[in-house]
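Read the structure below first, then the notes.
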Amino acid sequence: MEQVKIIVAGPRGKMGTEALKLMEETEHFQLVACIDRKHNGEYIKDINGLPELEAKIYTDAEEALQSEDADVLVDLTTPETGFLHAKLALEHNVRPVVGTTGFTAEQLAELERLSQEKDLGVVIAPNFAVGAVLMMQFAKWAAKYFPDVEIIERHHDQKLDAPSGTAVKTAELIQEVREAKKQGHEKEQETIEGARGADFDGMHIHSVRLPGLIAHQEVVFGATGQTLTIKHDTYHRQSFMSGVKLAVDSVQKVNTFVYGLENLLE
C-alpha cells in the first residue's frame, strides 16, 4: 500500500499520544511532522513519554505545512485551533482529518466551501469510535418510531464544549427523520434555569462533566408503556484509533467534504 505522509496536530494530548502510536504501528503511515504549542524544533523521540519517532515539531502550523511534504493533517486539538489548522491545510493542498468537536455551522460551511474550491477531501468526525457512530445511526432509525427522545452525554471534566459534538450530531440525524415537537408538559417550567438541558428542535440534551469519565452517551426514547435506550461507552481512547485510520485512508479517495464517520462506513 502506498505510503501516507501525515502531520499530527496535538501530539502531547491523550488523543494525540494514541494517534502517534497508530502512526508507529501502521505500516503505510509515515509521520513527517507534528504541530504543538511547545518544543519547536525538537523531535517527537526527544519528548518524554512519546514514541521513538523521527518527526520534527513545529509551533507554527503554517511553517509545518510549508516545510513538510504531507498528504494528510490529523488534528486532535481544540475547536478554535482545529478550524484554523483545517483551513491552513486546505490552503496548502493537504487533506484535513479533524477529530475536534464544537465547530459552528458557519465554520463547517466555510470548510466545505474550501474543500470544493480546492477539490480536496475533508473529514470532520465528531466521534472516531465506530461503536459511537453505530449508536448514532441506530438512534436515527429508532426516532422514526419513537419521536419523544432525550440525549444524555457524559464526558471528562476537561472537555471544552457542551453539548458534545457527538450529541449534536445525534440530534441532527434524528432531526432528519423526526418532526419538530415540544416535549413534556405544555405548562412545564424550570424552577432552576437549565434543569431541562439544552433544547434542540424540541429534544433535550443533557451534558455531564466529571473526572473519571472519558466519553459516554445514551439516547433515551419514550412511548406509552415502554422506553428504549441506545447507549455507547468509551473506556479507553485507543477505541478511537480504528476510526482515525479509516478517516486517513478514506480522505485521500474522496474530493468532497465529509461530516461524520458514518458517511465512510459501508
Please report the shortest heavy-atom distance between [X] and [Y], naming the atom on each side.
X      : Y      : result
Met15  : Arg237 : N-CD, 4.0 Å
Gly99  : Phe128 : CA-CE1, 3.2 Å
Ala70  : Val32  : CB-CG2, 4.2 Å
Gly194 : Glu190 : N-OE1, 3.0 Å
Ala139 : Phe221 : O-CZ, 3.4 Å
Ala215 : Phe240 : CB-CZ, 4.3 Å

Practice task
Only pairs at least two apart or in different chains count here, so list each side-chain hydrogen bond (donor to acceptor under 3.5 Å, both in side chains) that has a residue in residues 132-153.
Solution key: Lys140-Glu176, Asp148-Lys181, Glu150-Arg196, Glu150-His206, Glu153-His155, Glu153-Ser207, Glu153-Arg209
Please check if [X] and [Y] belong to a single hydrophobic cluster, counting links between Ile, Leu, Val, Met, Phe, Trp and Tyr side chain heavy atoms closer than 4.5 Å.
X      : Y      : result
Ile214 : Leu76  : no
Leu111 : Val168 : no
Val248 : Ile124 : no
Met241 : Val8   : yes
Leu65  : Leu114 : no

Hey, does the side chain of [X] reach the backbone of [Y] with a donor-acceptor pair shorter than 3.5 angstrom?
X      : Y      : value
Gln183 : Val149 : yes
Asn40  : Thr59  : yes
Gln226 : Ala223 : no
His232 : Ile230 : no
Asp161 : Ser164 : no

Atom [atom1] in [X], atom [atom2] in [Y]: separation rounded to 0.5 Å?
X      : Y      : atom1 : atom2 : answer
Leu22  : Phe29  : CG    : CZ    : 5.5 Å
Ile205 : Thr170 : CD1   : OG1   : 8.0 Å
Ile151 : Phe200 : CD1   : CZ    : 8.5 Å
Met23  : Leu53  : CE    : CG    : 9.5 Å
Ile44  : Arg12  : CD1   : CZ    : 9.0 Å
Ser115 : Leu108 : OG    : CG    : 12.0 Å

For residues 77-97, which side-chain donor-acceptor pairs fall under 3.5 Å, sequence neighbours excluded?
unit_1 : atom_1 : unit_2 : atom_2 : d
Thr77  : OG1    : Asp75  : OD1    : 2.7
Thr77  : OG1    : Asp75  : OD2    : 3.2
Thr77  : OG1    : Gly82  : N      : 3.4
Thr78  : OG1    : Thr81  : N      : 3.4
Thr78  : OG1    : Thr81  : OG1    : 3.1
His85  : ND1    : Asp75  : OD2    : 2.6
Lys87  : NZ     : Glu110 : OE2    : 3.0
His92  : ND1    : Leu88  : O      : 2.8
Arg95  : NH1    : Val251 : O      : 3.0
Arg95  : NH1    : Val254 : O      : 2.5
Arg95  : NH1    : Asn255 : OD1    : 3.3
Arg95  : NH2    : Asn255 : OD1    : 3.2

Exercise for the section: Would you sort out whether Ile35 and Leu73 count as a side chain to side chain contact (heavy atoms under 4.5 Å, CB included), showing the intermediate values? Expected result: CA-CA 10 Å; Ile35 301 168; Leu73 169 71; 4.0 Å; yes
Do other residues, nucleotides or ligands put more than 12 heavy atoms under 6.0 Å from the [atom1] atom of [X]?
X      : atom1 : value
Lys159 : NZ    : yes
Glu27  : CD    : no
Glu179 : CD    : no
Glu24  : CD    : yes
Glu188 : CD    : yes

Side chains of [X] and [Y], heavy atoms from C-beta outward: is any pair under 4.5 Å?
X      : Y      : answer
Ile47  : Pro11  : no
His204 : Asp199 : yes
Phe103 : Val98  : yes
Glu54  : Tyr43  : yes

Problem - Test: Lys14 and Glu18 ion pair at under 4.0 Å - result: no
Exercise for the section: Go through Ile57 and Asp46 one step at a time and tell me if the side chain to side chain contact (heavy atoms under 4.5 Å, CB included) criterion holds. Expected result: CA-CA 10 Å; Ile57 300 171; Asp46 300 325; over 6 Å; no
Exercise for the section: Would you please say whether a donor-acceptor pair under 3.5 Å links the side chains of Asp249 and His28? Expected result: yes
Practice task
Apply side chain to side chain contact (heavy atoms under 4.5 Å, CB included) to Gln252 and Asp71, showing your working.
Solution key: CA-CA 8 Å; Gln252 298 175 97; Asp71 302 307; 3.9 Å; yes
Practice task
Linking directly or through intermediates, with side-chain heavy atoms under 4.5 Å: list the remaining ILVMFWY members grouped with Val177, chain and number order.
Solution key: none
Practice task
List the steps and the verdict of side chain to side chain contact (heavy atoms under 4.5 Å, CB included) for Arg178 and Asp201.
Solution key: CA-CA 9 Å; Arg178 169 188 176 275; Asp201 204 36; 4.1 Å; yes
